[in-house]
Amino acid sequence: MADNPDAIVAIATPSAQAVVSATTTIPVVFSAVTEPVEAKLVPKLDGSGTNVTGASDVLPLEPQIDLIKELIPSVKNIGFVYSPGEVNSTVTLRNLKAIAEPQGLTIVEAPAQKSSDIAMSAQSLVGKVDVIYTSTDNNVINAYEALAKVAKEGKIPLVSSDPSVVERGASVALGVNYHGLGLETGKITARILKGEKAGDIAVYSASELDLMVSKKNASEQGLSVPQSILDKAKTVVE
(Lines give C-alpha, C1' and ligand atoms only; values in the text may rest on other atoms or scores of the structure.)
Protein backbone atom coordinates (compact mmCIF):
# COMPACT_ATOMS: atom_id res chain seq x y z
CA MET A 1 0.00 0.00 0.00
CA ALA A 2 2.82 2.38 0.86
CA ASP A 3 4.23 2.16 -2.67
CA ASN A 4 0.87 3.30 -4.09
CA PRO A 5 1.19 1.20 -7.28
CA ASP A 6 -1.07 1.58 -10.31
CA ALA A 7 -2.42 -1.93 -9.68
CA ILE A 8 -1.79 -4.91 -7.42
CA VAL A 9 -1.94 -8.52 -8.64
CA ALA A 10 -2.69 -11.08 -5.93
CA ILE A 11 -2.29 -14.82 -6.55
CA ALA A 12 -4.65 -17.28 -4.79
CA THR A 13 -7.40 -16.61 -2.27
CA PRO A 14 -5.45 -15.86 0.95
CA SER A 15 -3.24 -13.29 -0.80
CA ALA A 16 -6.20 -11.69 -2.55
CA GLN A 17 -8.25 -11.47 0.64
CA ALA A 18 -5.35 -9.74 2.42
CA VAL A 19 -4.89 -7.18 -0.34
CA VAL A 20 -8.60 -6.49 -0.90
CA SER A 21 -9.12 -5.91 2.81
CA ALA A 22 -6.29 -3.36 2.81
CA THR A 23 -7.39 -1.02 0.01
CA THR A 24 -10.56 0.28 -1.62
CA THR A 25 -8.76 2.65 -3.97
CA ILE A 26 -5.83 0.83 -5.61
CA PRO A 27 -7.02 -1.50 -8.42
CA VAL A 28 -6.63 -5.14 -7.42
CA VAL A 29 -6.45 -8.03 -9.89
CA PHE A 30 -6.72 -11.48 -8.31
CA SER A 31 -5.75 -14.70 -10.06
CA ALA A 32 -6.18 -18.43 -9.39
CA VAL A 33 -9.13 -17.83 -7.06
CA THR A 34 -11.82 -20.51 -7.27
CA GLU A 35 -14.75 -18.78 -5.56
CA PRO A 36 -14.23 -14.98 -5.69
CA VAL A 37 -17.80 -14.17 -4.59
CA GLU A 38 -17.79 -16.66 -1.70
CA ALA A 39 -14.36 -15.35 -0.71
CA LYS A 40 -15.91 -11.86 -0.56
CA LEU A 41 -13.48 -10.43 -3.09
CA VAL A 42 -16.25 -9.23 -5.41
CA PRO A 43 -20.04 -8.99 -4.95
CA LYS A 44 -20.66 -10.38 -8.45
CA LEU A 45 -18.71 -11.67 -11.44
CA ASP A 46 -19.97 -9.45 -14.26
CA GLY A 47 -18.34 -6.24 -13.04
CA SER A 48 -17.90 -5.67 -9.32
CA GLY A 49 -18.39 -1.91 -9.26
CA THR A 50 -15.45 -1.80 -6.85
CA ASN A 51 -11.66 -1.63 -7.23
CA VAL A 52 -11.41 -5.40 -7.71
CA THR A 53 -11.53 -7.83 -10.64
CA GLY A 54 -9.51 -10.84 -11.72
CA ALA A 55 -9.28 -14.33 -13.16
CA SER A 56 -10.91 -17.38 -11.58
CA ASP A 57 -9.78 -20.99 -11.82
CA VAL A 58 -13.23 -22.34 -10.99
CA LEU A 59 -14.02 -25.51 -12.90
CA PRO A 60 -17.09 -27.74 -13.06
CA LEU A 61 -16.91 -30.74 -10.74
CA GLU A 62 -18.99 -33.06 -12.92
CA PRO A 63 -16.00 -33.83 -15.20
CA GLN A 64 -13.91 -34.59 -12.09
CA ILE A 65 -16.45 -37.16 -10.88
CA ASP A 66 -16.73 -38.61 -14.40
CA LEU A 67 -12.94 -38.93 -14.53
CA ILE A 68 -12.82 -40.76 -11.20
CA LYS A 69 -15.58 -43.16 -12.32
CA GLU A 70 -13.74 -43.84 -15.58
CA LEU A 71 -10.51 -44.48 -13.67
CA ILE A 72 -12.16 -46.71 -11.06
CA PRO A 73 -15.52 -48.05 -12.26
CA SER A 74 -16.14 -49.74 -8.89
CA VAL A 75 -15.57 -46.53 -6.90
CA LYS A 76 -17.85 -46.00 -3.90
CA ASN A 77 -15.94 -43.83 -1.43
CA ILE A 78 -13.97 -40.72 -2.38
CA GLY A 79 -11.64 -39.15 0.17
CA PHE A 80 -11.30 -35.37 0.21
CA VAL A 81 -8.37 -33.78 2.04
CA TYR A 82 -8.92 -30.05 2.56
CA SER A 83 -8.43 -26.99 4.76
CA PRO A 84 -11.65 -26.09 6.61
CA GLY A 85 -10.44 -22.51 6.93
CA GLU A 86 -10.14 -21.98 3.17
CA VAL A 87 -13.41 -20.90 1.60
CA ASN A 88 -12.52 -22.32 -1.83
CA SER A 89 -12.21 -25.78 -0.31
CA THR A 90 -15.34 -25.70 1.82
CA VAL A 91 -17.41 -24.59 -1.19
CA THR A 92 -15.81 -27.33 -3.31
CA LEU A 93 -16.66 -29.90 -0.64
CA ARG A 94 -20.27 -28.76 -0.52
CA ASN A 95 -20.61 -28.89 -4.30
CA LEU A 96 -18.75 -32.19 -4.55
CA LYS A 97 -21.23 -33.82 -2.18
CA ALA A 98 -24.18 -32.40 -4.08
CA ILE A 99 -22.94 -33.99 -7.30
CA ALA A 100 -21.51 -37.26 -5.94
CA GLU A 101 -24.17 -38.39 -3.47
CA PRO A 102 -27.04 -38.67 -6.00
CA GLN A 103 -24.74 -41.00 -7.96
CA GLY A 104 -24.34 -43.31 -4.97
CA LEU A 105 -20.87 -42.03 -4.12
CA THR A 106 -19.79 -41.08 -0.59
CA ILE A 107 -17.41 -38.19 0.06
CA VAL A 108 -15.27 -38.97 3.09
CA GLU A 109 -13.93 -35.75 4.63
CA ALA A 110 -10.37 -35.40 5.93
CA PRO A 111 -9.94 -31.84 7.22
CA ALA A 112 -6.48 -30.45 7.95
CA GLN A 113 -6.06 -27.06 9.62
CA LYS A 114 -2.51 -26.53 8.32
CA SER A 115 -0.03 -28.06 5.89
CA SER A 116 1.71 -30.05 8.61
CA ASP A 117 -1.60 -31.85 9.30
CA ILE A 118 -2.08 -33.06 5.71
CA ALA A 119 -0.27 -36.40 6.10
CA MET A 120 -2.22 -37.27 9.26
CA SER A 121 -5.52 -36.39 7.60
CA ALA A 122 -4.64 -38.50 4.58
CA GLN A 123 -3.64 -41.38 6.85
CA SER A 124 -7.14 -41.32 8.35
CA LEU A 125 -8.52 -42.28 4.92
CA VAL A 126 -6.44 -45.44 4.47
CA GLY A 127 -8.72 -48.46 4.27
CA LYS A 128 -11.82 -46.27 4.01
CA VAL A 129 -11.71 -44.87 0.47
CA ASP A 130 -11.10 -46.02 -3.10
CA VAL A 131 -9.45 -42.79 -4.19
CA ILE A 132 -8.36 -39.44 -2.76
CA TYR A 133 -9.42 -36.32 -4.63
CA THR A 134 -7.75 -32.96 -4.02
CA SER A 135 -8.67 -29.49 -5.22
CA THR A 136 -6.46 -26.39 -5.46
CA ASP A 137 -6.41 -26.01 -1.66
CA ASN A 138 -3.26 -24.04 -0.79
CA ASN A 139 -2.32 -26.06 2.30
CA VAL A 140 -2.78 -29.34 0.44
CA ILE A 141 -0.68 -28.15 -2.50
CA ASN A 142 2.07 -27.02 -0.12
CA ALA A 143 2.28 -30.51 1.42
CA TYR A 144 1.54 -32.64 -1.63
CA GLU A 145 4.64 -34.81 -1.29
CA ALA A 146 3.53 -35.85 2.20
CA LEU A 147 0.08 -36.68 0.85
CA ALA A 148 1.58 -38.67 -2.02
CA LYS A 149 3.72 -40.69 0.40
CA VAL A 150 0.60 -41.80 2.29
CA ALA A 151 -1.17 -42.61 -0.99
CA LYS A 152 1.77 -44.72 -2.16
CA GLU A 153 2.04 -46.64 1.10
CA GLY A 154 -1.73 -47.14 1.34
CA LYS A 155 -2.18 -47.95 -2.37
CA ILE A 156 -4.78 -45.20 -2.80
CA PRO A 157 -4.87 -43.40 -6.17
CA LEU A 158 -4.53 -39.62 -6.03
CA VAL A 159 -6.66 -37.55 -8.41
CA SER A 160 -6.33 -33.77 -8.48
CA SER A 161 -7.80 -30.68 -10.13
CA ASP A 162 -4.32 -29.11 -10.28
CA PRO A 163 -2.20 -30.48 -13.17
CA SER A 164 1.02 -29.20 -11.57
CA VAL A 165 0.87 -31.83 -8.80
CA VAL A 166 1.22 -34.77 -11.21
CA GLU A 167 4.95 -34.09 -11.01
CA ARG A 168 4.66 -34.18 -7.22
CA GLY A 169 2.73 -37.39 -6.74
CA ALA A 170 -0.77 -37.35 -8.26
CA SER A 171 -1.70 -40.18 -10.62
CA VAL A 172 -4.12 -38.13 -12.73
CA ALA A 173 -5.13 -34.48 -12.81
CA LEU A 174 -7.77 -32.58 -14.75
CA GLY A 175 -7.61 -28.87 -14.24
CA VAL A 176 -7.12 -25.34 -15.45
CA ASN A 177 -4.25 -24.44 -17.74
CA TYR A 178 -2.50 -22.01 -15.37
CA HIS A 179 -0.21 -20.63 -18.05
CA GLY A 180 -3.31 -19.52 -19.94
CA LEU A 181 -4.85 -18.17 -16.76
CA GLY A 182 -1.71 -16.12 -16.14
CA LEU A 183 -1.92 -14.64 -19.63
CA GLU A 184 -5.54 -13.62 -19.05
CA THR A 185 -4.57 -12.07 -15.72
CA GLY A 186 -1.93 -10.05 -17.54
CA LYS A 187 -4.46 -8.87 -20.14
CA ILE A 188 -6.83 -7.67 -17.41
CA THR A 189 -4.01 -5.83 -15.66
CA ALA A 190 -2.97 -4.19 -18.93
CA ARG A 191 -6.53 -2.94 -19.49
CA ILE A 192 -6.46 -1.29 -16.06
CA LEU A 193 -3.06 0.28 -16.72
CA LYS A 194 -4.50 1.72 -19.93
CA GLY A 195 -7.31 3.43 -18.06
CA GLU A 196 -10.22 1.01 -17.59
CA LYS A 197 -11.76 0.73 -14.14
CA ALA A 198 -11.34 -2.60 -12.41
CA GLY A 199 -14.97 -2.58 -11.34
CA ASP A 200 -16.11 -2.40 -14.98
CA ILE A 201 -14.19 -5.53 -16.02
CA ALA A 202 -15.96 -8.88 -15.62
CA VAL A 203 -14.13 -11.65 -13.80
CA TYR A 204 -12.54 -14.07 -16.27
CA SER A 205 -13.29 -17.77 -15.76
CA ALA A 206 -10.91 -20.31 -17.27
CA SER A 207 -12.28 -22.62 -19.95
CA GLU A 208 -9.19 -24.51 -21.12
CA LEU A 209 -8.58 -27.71 -19.12
CA ASP A 210 -5.53 -29.98 -19.14
CA LEU A 211 -5.57 -33.73 -18.46
CA MET A 212 -2.27 -35.10 -17.18
CA VAL A 213 -1.33 -38.66 -16.20
CA SER A 214 1.66 -40.20 -14.44
CA LYS A 215 1.92 -43.93 -15.15
CA LYS A 216 4.64 -44.23 -12.50
CA ASN A 217 2.57 -42.61 -9.76
CA ALA A 218 -0.49 -44.58 -10.77
CA SER A 219 1.40 -47.88 -10.61
CA GLU A 220 2.83 -47.02 -7.19
CA GLN A 221 -0.69 -46.19 -5.97
CA GLY A 222 -2.16 -49.46 -7.26
CA LEU A 223 -3.96 -47.91 -10.24
CA SER A 224 -3.99 -49.09 -13.85
CA VAL A 225 -4.95 -46.10 -15.99
CA PRO A 226 -7.43 -47.06 -18.75
CA GLN A 227 -6.31 -46.52 -22.33
CA SER A 228 -9.33 -44.26 -22.88
CA ILE A 229 -7.86 -41.77 -20.41
CA LEU A 230 -4.32 -42.09 -21.77
CA ASP A 231 -5.66 -41.31 -25.25
CA LYS A 232 -7.28 -38.07 -24.01
CA ALA A 233 -4.37 -36.88 -21.87
CA LYS A 234 -2.41 -33.80 -22.91
CA THR A 235 0.64 -35.16 -21.12
CA VAL A 236 1.51 -38.72 -20.07
CA VAL A 237 4.53 -39.13 -17.79
CA GLU A 238 5.97 -42.63 -18.12
Side-chain angles (χ1 to χ4, degrees), residues 11-14 30-36 38-39 55-72 75 77-84 86-100 103 105 107-112 115 118 121-122 125 129-145 147-148 151 156-182 184-185 204-214 217-218 221 223 225 229 232-237:
I11 309 298
T13 303
F30 60 77
S31 188
V33 171
T34 306
E35 296 286 349
E38 294 272 0
S56 171
D57 61 358
V58 66
L59 72 164
L61 292 172
E62 288 88 349
Q64 307 285 324
I65 295 294
D66 291 343
L67 174 64
I68 290 172
K69 290 167 66 177
E70 188 175 355
L71 277 169
I72 310 168
V75 65
N77 300 302
I78 300 172
F80 185 67
V81 182
Y82 72 104
S83 305
E86 188 166 333
V87 66
N88 286 344
S89 300
T90 56
V91 172
T92 297
L93 173 61
R94 183 185 69 204
N95 294 340
L96 198 61
K97 286 183 173 182
I99 295 166
Q103 300 184 49
L105 302 173
I107 304 300
V108 183
E109 299 178 36
S115 293
I118 296 296
S121 295
L125 297 174
V129 299
D130 305 302
V131 61
I132 294 175
Y133 172 72
T134 61
S135 63
T136 53
D137 184 294
N138 289 283
N139 282 338
V140 174
I141 299 300
N142 289 340
Y144 216 85
E145 286 79 4
L147 176 60
I156 307 173
L158 271 181
V159 177
S160 176
S161 61
D162 183 351
S164 73
V165 297
V166 168
E167 296 179 356
R168 299 172 58 198
S171 290
V172 181
L174 175 65
V176 169
N177 181 307
Y178 282 94
H179 178 262
L181 192 70
E184 295 299 331
T185 305
Y204 171 83
S205 293
S207 57
E208 183 181 354
L209 301 182
D210 287 344
L211 175 62
M212 298 184 67
V213 177
S214 170
N217 294 343
Q221 294 165 14
L223 175 67
V225 180
I229 290 178
K232 291 183 288 189
K234 177 181 179 180
T235 303
V236 177
V237 181

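Since the structure is predicted, the reported quantities are computational estimates derived from the model, not experimental observations.
- Within a 6.0 Å sphere centred on CD of Q103, heavy atoms belonging to other residues, nucleotides or ligands number more than 12.
- For the side chain to side chain contact (heavy atoms under 4.5 Å, CB included) with I72, the lone residue among L67, I78, L223, V159 that qualifies is L223.
- Rounding to the nearest 0.5 Å gives a distance of 5.5 Å between OH of Y133 and CG of L61.
- Side-chain contact between V81 and I132: present, with at least one pair of heavy atoms (C-beta onward) separated by less than 4.5 Å.
- Formation of a donor-acceptor pair under 3.5 Å by the R168 side chain with backbone atoms of A148 is not found in this model.
- Listed here is the closest heavy atom pair of S89 and S83: CB-O, 3.8 Å.
- At least one donor-acceptor pair closer than 3.5 Å links the side chain of N88 to the backbone N or O of E35.
- Test V172, L71, V237, V166 against V213 for side chain to side chain contact (heavy atoms under 4.5 Å, CB included) and you get one pass: V172.
- Side-chain atoms of Q221 come within 3.5 Å of backbone N or O of L158 as a donor-acceptor pair.
- Distance check: S115 OG to I141 CD1 gives 10.0 Å after rounding to the nearest 0.5 Å.
- Here the CG-CG distance, from L125 to D130, works out to 11.0 Å after rounding to the nearest 0.5 Å.
- Between the side chains of E86 and N138, a donor-acceptor pair is found at a separation under 3.5 Å.
- Across every non-hydrogen atom of S56 and V58, the tightest pair is OG-N, 3.1 Å.
- Using a 4.5 Å heavy-atom cutoff, the side chains of F30 and T13 are not in contact.
- Side-chain contact check for Y82 versus S121: every heavy-atom pair is 4.5 Å or farther apart.
- In summary, E70 and K232 engage in a salt bridge, as defined by a charged side-chain N under 4.0 Å from a carboxylate O.
- Note: F80 CZ to L96 CG = 6.0 Å, rounded to the nearest 0.5 Å.
- Side chain of S214 to main chain of S171: no donor-acceptor pair is present (N/O by atom type, distance under 3.5 Å, no hydrogens or angles).
- For the residue pair L147 and V140, the shortest heavy atom distance occurs at CD2-CG1, 4.0 Å.
- Heavy-atom minimum distance, T134 versus Y144: OG1-OH, 3.0 Å.
- Considering all non-hydrogen atoms of both residues, E109 and P111 come closest at C-CD, 3.7 Å.
- How far CG of L181 is from OH of Y204: 7.0 Å, rounded to the nearest 0.5 Å.
- With 3.5 Å as the limit, one finds a donor-acceptor pair spanning the side chains of T34 and D57.
- The main-chain N or O of A170 is found under 3.5 Å from a side-chain atom of N217 such that the two form a donor-acceptor pair.
- Side-chain contact annotation: D162 with S160, donor-acceptor N/O pair under 3.5 Å absent.
- Annotation for Q64 and L174: closest pair NE2-O, 2.9 Å, computed over non-hydrogen atoms.
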